[in-house]
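Remember, it's 1-based here, ligands and their atoms both numbered in the order they're listed.
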Amino acid sequence: MPIIIKTENEIEKMRVAGKLAAEVLEMIEPHIVPGVTTDELNSICHDYIVNVQGTVPAPLNYRGFPKSICTSINHTVCHGIPCDKKLKVGDIINVDITIIKDGYHGDTSKMFCVGEVSPHAKRLIKITQEAMYLGIKQVKQGAALGDIGHAIQTYAEANRYSVVREFCGHGIGKNFHEDPHVLHYGKAGEGEILEAGMIITVEPMLNQGKRHVKVLSDGWTAVTKDHSLSAQWEHTVLVTEQGYEILTLRREETNLA
Ligand code: MF3
Ligand code: CO
Ligand code: CO
(Lines give C-alpha, C1' and ligand atoms only; values in the text may rest on other atoms or scores of the structure.)
(Ligands and ions follow the chains in the order given, each with its own letter.)
Protein backbone atom coordinates (compact mmCIF):
# COMPACT_ATOMS: atom_id res chain seq x y z
CA MET A 1 0.00 0.00 0.00
CA PRO A 2 1.35 3.43 -0.88
CA ILE A 3 1.62 6.04 1.87
CA ILE A 4 -1.53 8.12 1.85
CA ILE A 5 -1.13 11.90 1.59
CA LYS A 6 -4.04 13.47 3.45
CA THR A 7 -6.09 16.32 1.97
CA GLU A 8 -6.62 19.54 3.95
CA ASN A 9 -10.12 18.31 4.78
CA GLU A 10 -8.77 14.99 6.10
CA ILE A 11 -6.06 16.78 8.08
CA GLU A 12 -8.73 18.86 9.80
CA LYS A 13 -10.59 15.67 10.76
CA MET A 14 -7.34 14.13 12.05
CA ARG A 15 -6.78 17.25 14.18
CA VAL A 16 -10.17 16.72 15.77
CA ALA A 17 -9.60 12.98 16.31
CA GLY A 18 -6.12 13.60 17.75
CA LYS A 19 -7.39 16.21 20.21
CA LEU A 20 -10.16 13.88 21.39
CA ALA A 21 -7.69 11.00 21.95
CA ALA A 22 -5.46 13.36 23.97
CA GLU A 23 -8.46 14.42 26.07
CA VAL A 24 -9.11 10.82 27.11
CA LEU A 25 -5.58 10.65 28.58
CA GLU A 26 -6.21 13.93 30.42
CA MET A 27 -9.53 12.63 31.73
CA ILE A 28 -8.14 9.31 33.03
CA GLU A 29 -5.15 10.76 34.92
CA PRO A 30 -6.89 11.33 38.32
CA HIS A 31 -8.26 7.77 38.22
CA ILE A 32 -4.80 6.18 38.15
CA VAL A 33 -4.43 5.47 41.85
CA PRO A 34 -3.48 2.46 44.00
CA GLY A 35 -6.29 -0.12 44.16
CA VAL A 36 -8.00 0.71 40.88
CA THR A 37 -8.18 -2.18 38.41
CA THR A 38 -7.28 -1.84 34.76
CA ASP A 39 -10.80 -3.07 33.97
CA GLU A 40 -12.16 -0.06 35.85
CA LEU A 41 -9.86 2.26 33.86
CA ASN A 42 -11.11 0.56 30.69
CA SER A 43 -14.77 1.13 31.67
CA ILE A 44 -14.22 4.78 32.57
CA CYS A 45 -12.45 5.41 29.24
CA HIS A 46 -15.01 3.43 27.26
CA ASP A 47 -17.94 5.33 28.77
CA TYR A 48 -16.23 8.70 28.23
CA ILE A 49 -15.30 7.85 24.63
CA VAL A 50 -18.75 6.56 23.71
CA ASN A 51 -21.10 8.68 25.84
CA VAL A 52 -19.28 11.99 26.38
CA GLN A 53 -17.25 12.28 23.18
CA GLY A 54 -19.53 10.35 20.86
CA THR A 55 -16.44 8.68 19.40
CA VAL A 56 -15.54 5.02 18.88
CA PRO A 57 -12.84 3.11 20.82
CA ALA A 58 -10.72 1.68 17.99
CA PRO A 59 -9.10 -1.22 19.92
CA LEU A 60 -12.42 -2.88 20.82
CA ASN A 61 -12.73 -5.95 18.56
CA TYR A 62 -9.77 -4.77 16.47
CA ARG A 63 -8.32 -8.08 15.23
CA GLY A 64 -10.03 -9.68 18.21
CA PHE A 65 -8.70 -7.31 20.89
CA PRO A 66 -11.29 -7.60 23.69
CA LYS A 67 -11.16 -4.15 25.35
CA SER A 68 -11.38 -0.43 24.51
CA ILE A 69 -7.90 0.65 25.68
CA CYS A 70 -4.48 -0.95 26.23
CA THR A 71 -2.99 -0.92 29.74
CA SER A 72 0.62 -2.06 30.00
CA ILE A 73 2.10 -2.33 33.50
CA ASN A 74 5.81 -2.52 34.50
CA HIS A 75 7.47 -5.22 32.35
CA THR A 76 4.57 -5.24 29.89
CA VAL A 77 5.86 -3.58 26.73
CA CYS A 78 2.54 -2.92 24.96
CA HIS A 79 -0.96 -4.25 24.20
CA GLY A 80 -1.73 -5.15 27.82
CA ILE A 81 -5.38 -6.20 28.18
CA PRO A 82 -7.37 -4.54 30.97
CA CYS A 83 -8.31 -7.05 33.66
CA ASP A 84 -9.20 -7.31 37.36
CA LYS A 85 -5.61 -6.68 38.48
CA LYS A 86 -5.30 -3.77 40.91
CA LEU A 87 -2.66 -1.09 40.50
CA LYS A 88 -0.27 -0.80 43.43
CA VAL A 89 2.10 1.89 44.68
CA GLY A 90 5.32 1.82 42.64
CA ASP A 91 3.73 0.50 39.43
CA ILE A 92 4.28 2.29 36.14
CA ILE A 93 1.56 1.98 33.52
CA ASN A 94 1.12 2.96 29.89
CA VAL A 95 -2.42 3.80 28.80
CA ASP A 96 -2.82 3.71 25.02
CA ILE A 97 -5.92 5.39 23.58
CA THR A 98 -7.15 5.21 20.00
CA ILE A 99 -10.47 6.76 19.08
CA ILE A 100 -12.32 7.12 15.78
CA LYS A 101 -14.14 10.37 15.02
CA ASP A 102 -15.86 10.98 11.72
CA GLY A 103 -14.02 7.98 10.25
CA TYR A 104 -10.52 9.15 11.28
CA HIS A 105 -8.21 7.81 14.01
CA GLY A 106 -6.29 9.56 16.78
CA ASP A 107 -3.71 7.37 18.58
CA THR A 108 -1.72 8.40 21.66
CA SER A 109 -0.30 6.97 24.86
CA LYS A 110 1.54 8.10 27.96
CA MET A 111 3.11 6.68 31.10
CA PHE A 112 1.60 7.19 34.54
CA CYS A 113 3.16 6.52 37.94
CA VAL A 114 1.08 4.90 40.68
CA GLY A 115 2.03 6.78 43.84
CA GLU A 116 5.75 7.18 44.35
CA VAL A 117 7.84 5.01 41.99
CA SER A 118 11.54 4.11 42.03
CA PRO A 119 14.13 6.54 40.65
CA HIS A 120 15.00 3.88 38.05
CA ALA A 121 11.44 3.78 36.80
CA LYS A 122 11.22 7.58 36.68
CA ARG A 123 14.41 7.79 34.66
CA LEU A 124 13.19 5.18 32.15
CA ILE A 125 9.90 7.06 31.72
CA LYS A 126 11.65 10.40 31.24
CA ILE A 127 14.25 9.15 28.77
CA THR A 128 11.56 7.35 26.76
CA GLN A 129 9.48 10.52 26.50
CA GLU A 130 12.56 12.52 25.47
CA ALA A 131 13.41 9.85 22.89
CA MET A 132 9.92 10.21 21.42
CA TYR A 133 10.27 14.00 21.17
CA LEU A 134 13.72 13.66 19.57
CA GLY A 135 12.19 11.29 17.01
CA ILE A 136 9.31 13.68 16.35
CA LYS A 137 11.74 16.60 15.88
CA GLN A 138 13.20 14.79 12.86
CA VAL A 139 9.83 14.87 11.11
CA LYS A 140 9.78 17.21 8.13
CA GLN A 141 9.07 17.06 4.41
CA GLY A 142 12.22 15.64 2.80
CA ALA A 143 13.48 13.84 5.93
CA ALA A 144 13.88 10.05 5.82
CA LEU A 145 12.02 7.65 8.10
CA GLY A 146 15.42 6.36 9.23
CA ASP A 147 16.19 9.78 10.71
CA ILE A 148 13.42 9.22 13.27
CA GLY A 149 14.60 5.75 14.25
CA HIS A 150 18.23 6.82 14.38
CA ALA A 151 17.51 9.74 16.73
CA ILE A 152 15.50 7.50 19.07
CA GLN A 153 17.97 4.60 19.09
CA THR A 154 21.00 6.83 19.59
CA TYR A 155 19.47 8.60 22.57
CA ALA A 156 18.09 5.41 24.13
CA GLU A 157 21.36 3.52 23.86
CA ALA A 158 23.42 6.50 25.08
CA ASN A 159 21.29 6.21 28.21
CA ARG A 160 21.86 2.43 28.43
CA TYR A 161 18.35 1.41 27.42
CA SER A 162 17.35 -0.90 24.57
CA VAL A 163 14.78 -0.23 21.84
CA VAL A 164 12.03 -2.77 21.14
CA ARG A 165 12.02 -3.82 17.47
CA GLU A 166 8.96 -6.03 17.15
CA PHE A 167 6.50 -3.12 17.34
CA CYS A 168 6.71 0.16 15.50
CA GLY A 169 4.91 3.37 14.69
CA HIS A 170 2.66 3.53 11.64
CA GLY A 171 0.76 5.64 9.19
CA ILE A 172 -2.73 6.46 10.44
CA GLY A 173 -5.91 7.98 9.04
CA LYS A 174 -9.08 6.21 7.93
CA ASN A 175 -7.26 3.06 9.02
CA PHE A 176 -5.81 2.37 12.47
CA HIS A 177 -2.58 1.09 10.91
CA GLU A 178 -1.46 2.27 7.47
CA ASP A 179 1.89 2.34 5.72
CA PRO A 180 4.64 3.21 6.43
CA HIS A 181 6.17 1.25 9.29
CA VAL A 182 7.91 3.79 11.53
CA LEU A 183 10.87 1.95 13.08
CA HIS A 184 12.28 3.28 16.34
CA TYR A 185 15.82 2.26 15.39
CA GLY A 186 17.83 2.58 12.20
CA LYS A 187 20.19 4.65 10.16
CA ALA A 188 19.86 8.32 9.26
CA GLY A 189 18.93 8.85 5.61
CA GLU A 190 17.51 5.36 5.11
CA GLY A 191 13.93 4.41 4.31
CA GLU A 192 11.08 6.35 2.77
CA ILE A 193 11.19 10.11 2.39
CA LEU A 194 8.50 12.02 4.26
CA GLU A 195 6.11 14.29 2.39
CA ALA A 196 3.85 17.03 3.71
CA GLY A 197 0.38 15.61 4.38
CA MET A 198 1.56 12.22 5.63
CA ILE A 199 0.38 11.36 9.15
CA ILE A 200 2.34 8.89 11.26
CA THR A 201 2.69 7.80 14.85
CA VAL A 202 5.96 7.86 16.79
CA GLU A 203 5.68 5.44 19.72
CA PRO A 204 9.01 4.13 21.00
CA MET A 205 9.19 1.35 23.58
CA LEU A 206 12.39 1.34 25.66
CA ASN A 207 13.48 -1.43 28.01
CA GLN A 208 15.70 -1.20 31.05
CA GLY A 209 17.22 -4.58 30.15
CA LYS A 210 17.50 -6.42 26.84
CA ARG A 211 15.33 -5.47 23.88
CA HIS A 212 13.72 -8.89 23.44
CA VAL A 213 10.01 -9.39 23.98
CA LYS A 214 7.58 -12.29 24.06
CA VAL A 215 3.85 -12.32 23.48
CA LEU A 216 1.78 -14.15 26.12
CA SER A 217 -0.72 -16.91 25.32
CA ASP A 218 -3.56 -14.36 25.15
CA GLY A 219 -2.06 -13.44 21.77
CA TRP A 220 -1.67 -9.74 22.69
CA THR A 221 0.26 -8.93 25.87
CA ALA A 222 3.91 -8.27 24.98
CA VAL A 223 6.37 -8.46 27.88
CA THR A 224 10.13 -8.14 28.17
CA LYS A 225 11.76 -11.59 28.04
CA ASP A 226 14.05 -10.69 30.94
CA HIS A 227 11.15 -9.11 32.88
CA SER A 228 12.92 -5.74 32.98
CA LEU A 229 10.81 -2.56 33.07
CA SER A 230 9.55 -1.10 29.81
CA ALA A 231 8.10 2.31 28.96
CA GLN A 232 6.29 3.78 25.93
CA TRP A 233 4.94 7.14 24.79
CA GLU A 234 3.01 7.82 21.58
CA HIS A 235 1.87 10.78 19.50
CA THR A 236 0.12 11.10 16.16
CA VAL A 237 2.12 13.52 14.01
CA LEU A 238 1.39 15.40 10.76
CA VAL A 239 4.33 15.96 8.38
CA THR A 240 4.48 19.58 7.17
CA GLU A 241 6.76 21.49 4.81
CA GLN A 242 8.38 23.26 7.76
CA GLY A 243 8.46 20.26 10.10
CA TYR A 244 5.63 18.68 12.05
CA GLU A 245 2.41 19.22 13.93
CA ILE A 246 1.61 16.96 16.92
CA LEU A 247 -2.11 16.19 16.60
CA THR A 248 -2.45 14.54 20.04
CA LEU A 249 -0.82 17.22 22.18
CA ARG A 250 -2.10 17.52 25.76
CA ARG A 251 -2.44 20.79 27.71
CA GLU A 252 0.52 19.78 29.92
CA GLU A 253 2.73 19.71 26.80
CA THR A 254 1.89 22.99 25.10
CA ASN A 255 5.33 24.41 25.95
CA LEU A 256 6.96 21.51 24.07
CA ALA A 257 5.27 21.76 20.69
N1 MF3 B 1 -2.71 1.64 19.96
C2 MF3 B 1 -1.75 0.66 19.51
C3 MF3 B 1 -0.82 1.40 18.58
O4 MF3 B 1 -0.29 2.38 18.98
C5 MF3 B 1 -2.37 -0.50 18.84
C6 MF3 B 1 -3.20 -1.32 19.74
S7 MF3 B 1 -3.91 -2.60 18.84
C8 MF3 B 1 -5.02 -3.18 19.93
O9 MF3 B 1 -0.63 1.11 17.43
F10 MF3 B 1 -5.75 -3.99 19.29
F11 MF3 B 1 -4.37 -3.72 20.93
F12 MF3 B 1 -5.73 -2.18 20.37
CO1 CO C 1 -0.01 3.54 17.28
CO1 CO D 1 -1.44 3.48 20.34
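Shown are the protein N/O/S atoms under 2.8 Å from the Co ion (ligand 2), given by residue and atom: Asp107 OD2, His170 NE2, Glu203 OE2, Glu234 OE2.
Within the 4.0 Å heavy-atom criterion, neither part of Ser109 lies near ligand 1. Counting heavy atoms closer than 4.0 Å to ligand 1, residue Asp107 contributes side-chain atoms (C-beta onward) but none from N, CA, C or O. Residue contacts with ligand 1 for Glu234 involve side-chain atoms from C-beta outward but no N, CA, C or O (heavy atoms, distance under 4.0 Å).
At distances below 3.5 Å, not a single donor-acceptor pair connects side-chain atoms of Asn159 with backbone N or O atoms of Tyr161. Within the 3.5 Å criterion, the main-chain N or O of Thr71 finds no donor-acceptor partner in the side chain of Thr38. One N or O on the side chain of Thr236 and one on the backbone of Asp107 form a donor-acceptor pair closer than 3.5 Å. For Glu26 (side chain) and Arg251 (main-chain N/O), a donor-acceptor pair under 3.5 Å exists by modelled atom type.
Aromatic pair Tyr244/His235: centroids not less than 6.0 angstrom apart. Close placement of the His79 and Phe167 rings is indicated, their centers lying within 6.0 Å of each other.
Checked against a 3.5 angstrom limit, the closest N/O atoms of His170 and ligand 1 fall inside it. Not one N or O of Tyr62 is nearer than 3.5 Å to an N or O of ligand 1, by distance alone.
In summary, of the residues considered (Glu252, Gln232, Glu253), a side chain to side chain donor-acceptor pair (under 3.5 Å) with Lys110 occurs for Glu252 alone.
At least one heavy atom of Glu203 sits less than 4.0 Å from an atom of ligand 1.
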